[in-house]
There are 2 protein chains.
Amino acid sequence: MQLMSEKSAAGGGLRERKKRATRAALAEAAVRLAAEHGAEKVTVEAISAAAGVSVRTFFNYFDSRDDAFVVVDADAGARMRRAVLDAPAVLSPLEALREAMAAELAEAEQQHELWRLHAKVLHASPHLLARGVGAHMAAEADLADAIAERLRGVGDTGGPGSGAGPGSVTGPGSGLYPRLLAAVAGAAVRTSMDHWSAHQEEAAFLDVFHEVFTLLAAGLPAPSA
Amino acid sequence: MQLMSEKSAAGGGLRERKKRATRAALAEAAVRLAAEHGAEKVTVEAISAAAGVSVRTFFNYFDSRDDAFVVVDADAGARMRRAVLDAPAVLSPLEALREAMAAELAEAEQQHELWRLHAKVLHASPHLLARGVGAHMAAEADLADAIAERLRGVGDTGGPGSGAGPGSVTGPGSGLYPRLLAAVAGAAVRTSMDHWSAHQEEAAFLDVFHEVFTLLAAGLPAPSA
DNA sequence: ATGCATCTTTGCATACCATGCAACTTATGT
DNA sequence: ACATAAGTTGCATGGTATGCAAAGATGCAT
C-alpha cells in the first residue's frame, strides 16, 4: 500500500496525469487570454471554458482567479532545494543558490513562449506582479531551509530552528542568514527578470542574471562613475 | 480608482483632515478586527461599521478589502526618496538606503501597538503577507529612482531611463544597479521584520536590521562555522 | 470482467467582493 | 448666502469564492 506520495513526479496513474493536464490547461488558458485581452478582463468563466471544465472545477485547482496567472511550477521549490543540497561543497552558499536558480530558470526557458507571455501579463498589471512575488515566498522558505541544512553539513535533518543552540540571536544558529540569503537571491532574480523584460532586445537574460549575482557577491558597491 | 487628491501633508482644510481621519479609522479598524478574529473572517461590512461609514465609502478609500490590512503610510516612499537624496555624499548607496529605511522604521515604531498588530495580522495569513510585499514594490521603484538620481549627482531630475546613455546594457547607465539595490534592500528589511517578529522577545529589531545590512555589504559570505 | 472504495467533476445555493450611477449632504471660495 | 466642487450613501449589477450532495471516473482486489 504505497502512500502515493509522488505528487509531482512524472507519470504515475492516469488520475495524476489528468489532474496535471487540467491544471496546466487552466494555467495556460489564463495566461493566453490575459495576454490577449488584459488580465482584468478575463473572467473565471472564460478561463474554464477555454480549458474545457466547469467554473467550479477551476476553483478546485486554484484558490483565486489571480492564482491562475501567477502559478509557477509548483515543485520548482523542491527541485531547487535538491540542487542546493547537491551542489559541490566548494561553492559558497550564494554560489550554490545562483546555480540552483540558474538551472531552474533554464528549465522554465524550455516553455519559451509561455514564459514570455507570462512575463508580459505580470508586467502589464502590477497587481499580479505583486502576487507573483508572494508566490515565490514559499519557495524562498524552502530554499532557506535547504541552505541551513547545507551549512550544518549533512546529518542533522531537523527542521529550521531545531538546533537554535547558544549562538547570539542575530548570529549563526538563529536562522537569519539562510532566510536573508534566500530572500535576497529571490529579489535578485525578480530584478533580473524585470530588467530583462524591459530590455529584451538588448540583453540576454543570462548576462543580466550573472551581473546581478556578481554585484551581490561584491556587497553591492557603488558603481565607479 | 481612489480619491486621494492632492495633499498628504499635515493640516490643510477640514476636508483633508476628515478624509485622513476616515482612512486611518478604516485601516485601524481593519487591523484590530483582523487581529482579534482572523483576517479572513472580517468582512468589509464589519470594518465599515467599526469605522462608522458605509460599505460603499470603504471602497472609496481602498481598492480591495485586503488593501485595508496592508496599507502602509502612503507617502513613506516619498520620505525615503528625500532621505536618500539628502544623505551625506560620503555614504555608499547601500548605506544611504540603510539610513533612509532605518529612519522610516523608527517612524513606524511610534505607533508601536498598531505596528505589532499589523505584523501579527500579516504573519498570520501568508496571503496578506504576499500582498504586503507587493505594496512595497511601488516604494522600491521610487527608491530606485532616488538612488539613480543620487548616483548621477544632483541636477538631472529626469525620470527612470531618461539617461539610458551609451553604457553596456548590464552595466552602469542601464538602471539595473539602482533597481537591484532597492529590491535587495527591501528584501532585507522584510527578512529583518520577519525574523524579529518570530524572535521578538530575544532580539531588538535594530540589532537584526544592522546585522542584515552588514551581511549585505559583505557580499553575503558564508558564516564561519 | 465485476464490484467496491476512492477521488474528481459538476451544478446549485449562498455569501461576499467590487464598481457604476444617481441622489443627497457637506465643505470651500467669493 | 450662493454656487460649486467634493464626499457619502443606497441601489443595482456582475464577478469571485465556498459548502454540499449527486453523478461520473479511476484504481484495486477479487
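By convention in this document, chain letters (A, B, ...) are assigned in the order of the sequence lines, proteins followed by strands, and residues within each chain are numbered from 1.
With sequence neighbours excluded, the residues satisfying salt bridge (charged side-chain N to carboxylate O under 4.0 Å, His left out) with B:Asp73 are B:Arg79. For the salt bridge (charged side-chain N to carboxylate O under 4.0 Å, His left out) test, no residue two or more places apart in sequence or in another chain qualifies with B:Glu201.
A:Glu45 has its CD atom 14 Å from the P atom of D:dA17, to the nearest Å. One interatomic measurement links the two molecules: CZ of A:Arg65 to P of D:dG14, which rounds to 17 Å at whole-angstrom precision. Between B:Lys19 atom NZ and D:dG7 atom P there is a gap of 4 Å when expressed in whole angstrom units. The separation between B:His127 atom NE2 and C:dC17 atom P is 12 Å, rounded to whole Å. Whole-Å rounding puts the B:Arg23 CZ to D:dG7 P distance at 12 Å. Taking atom CD on A:Glu40 and atom P on C:dG20, their separation rounds to 13 Å, with Å as the unit. When the C1' atom of C:dC16 is taken as reference, atom CZ of A:Phe59 falls 12 Å away, rounded to whole Å. The CG atom of A:Asp67 sits 12 Å away from the C1' atom of D:dT16 (whole-angstrom rounding).
With B:Tyr177 contributing its side chain and A:Leu220 its backbone, the two residues share a donor-acceptor pair below 3.5 Å.
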Can you check nucleotides 26-30 of chain C for protein contacts, nitrogen or oxygen pairs under 3.5 Å, and list what you find?
from: C:dT26; atom 1: O2; to: B:Arg15; atom 2: NH2; distance (Å): 3.4
from: C:dA27; atom 1: OP1; to: B:Lys18; atom 2: NZ; distance (Å): 3.0
from: C:dA27; atom 1: N3; to: B:Arg15; atom 2: NH2; distance (Å): 3.2
from: C:dT28; atom 1: OP1; to: B:Leu14; atom 2: N; distance (Å): 2.5
from: C:dT28; atom 1: OP1; to: B:Arg15; atom 2: N; distance (Å): 3.2

Enumerate all atom pairs, one protein N or O and one N or O from nucleotides 9-11 of chain D, separated by less than 3.5 Å.
from: D:dT9; atom 1: OP2; to: B:Ser54; atom 2: N; distance (Å): 3.0
from: D:dT9; atom 1: OP2; to: B:Ser54; atom 2: OG; distance (Å): 3.2
from: D:dT9; atom 1: OP2; to: B:Thr57; atom 2: OG1; distance (Å): 2.3
from: D:dT9; atom 1: O5'; to: B:Ser54; atom 2: OG; distance (Å): 3.3
from: D:dG10; atom 1: O6; to: B:Arg56; atom 2: NE; distance (Å): 3.4

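Rounding to the nearest 0.5 angstrom, the gap separating the CG atom in A:Asp145 from the CZ atom in A:Arg150 is 15.0 Å. Note that CH2 of A:Trp196 is 10.0 Å distant from CG of A:Leu105, once rounded to the nearest 0.5 Å.
A cation-pi arrangement is present between A:Arg23 and A:Phe62, with the terminal nitrogen or guanidinium carbon under 6.0 Å from the aromatic centre and inside a 45° cone about the axis.
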(Q) Between A:His118 and A:Phe69, is the side chain to side chain contact (heavy atoms under 4.5 Å, CB included) condition met? List the steps. (A) CA-CA 8 Å; A:His118 210 90; A:Phe69 300 121; 5.9 Å; no

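Note on A:Tyr61: every side-chain N or O is 4.0 Å or more away from OP1 and OP2 of C:dT8.
The one candidate from A:Leu181, A:Leu176, A:Val184 that meets the side-chain contact (heavy atoms from CB on, under 4.5 Å) condition with B:Thr191 is A:Leu176.
Between the side chains of A:Arg131 and A:Ser64, at least one donor-acceptor pair of N or O atoms lies under 3.5 Å. The closest side-chain donor-acceptor pair between B:His127 and A:Asp63, if any, does not fall under 3.5 angstrom.
Axis angle between the ends of the helix from C:dA1-D:dT30 to C:dT30-D:dA1, five pairs each and rounded to 10 degrees, works out to 30°.
Contacts classified as salt bridge (Lys or Arg N to Asp or Glu O under 4.0 Å) and involving residues 105-115 of chain A (residues at least two apart or in different chains) are given here: A:Arg32-A:Glu113.
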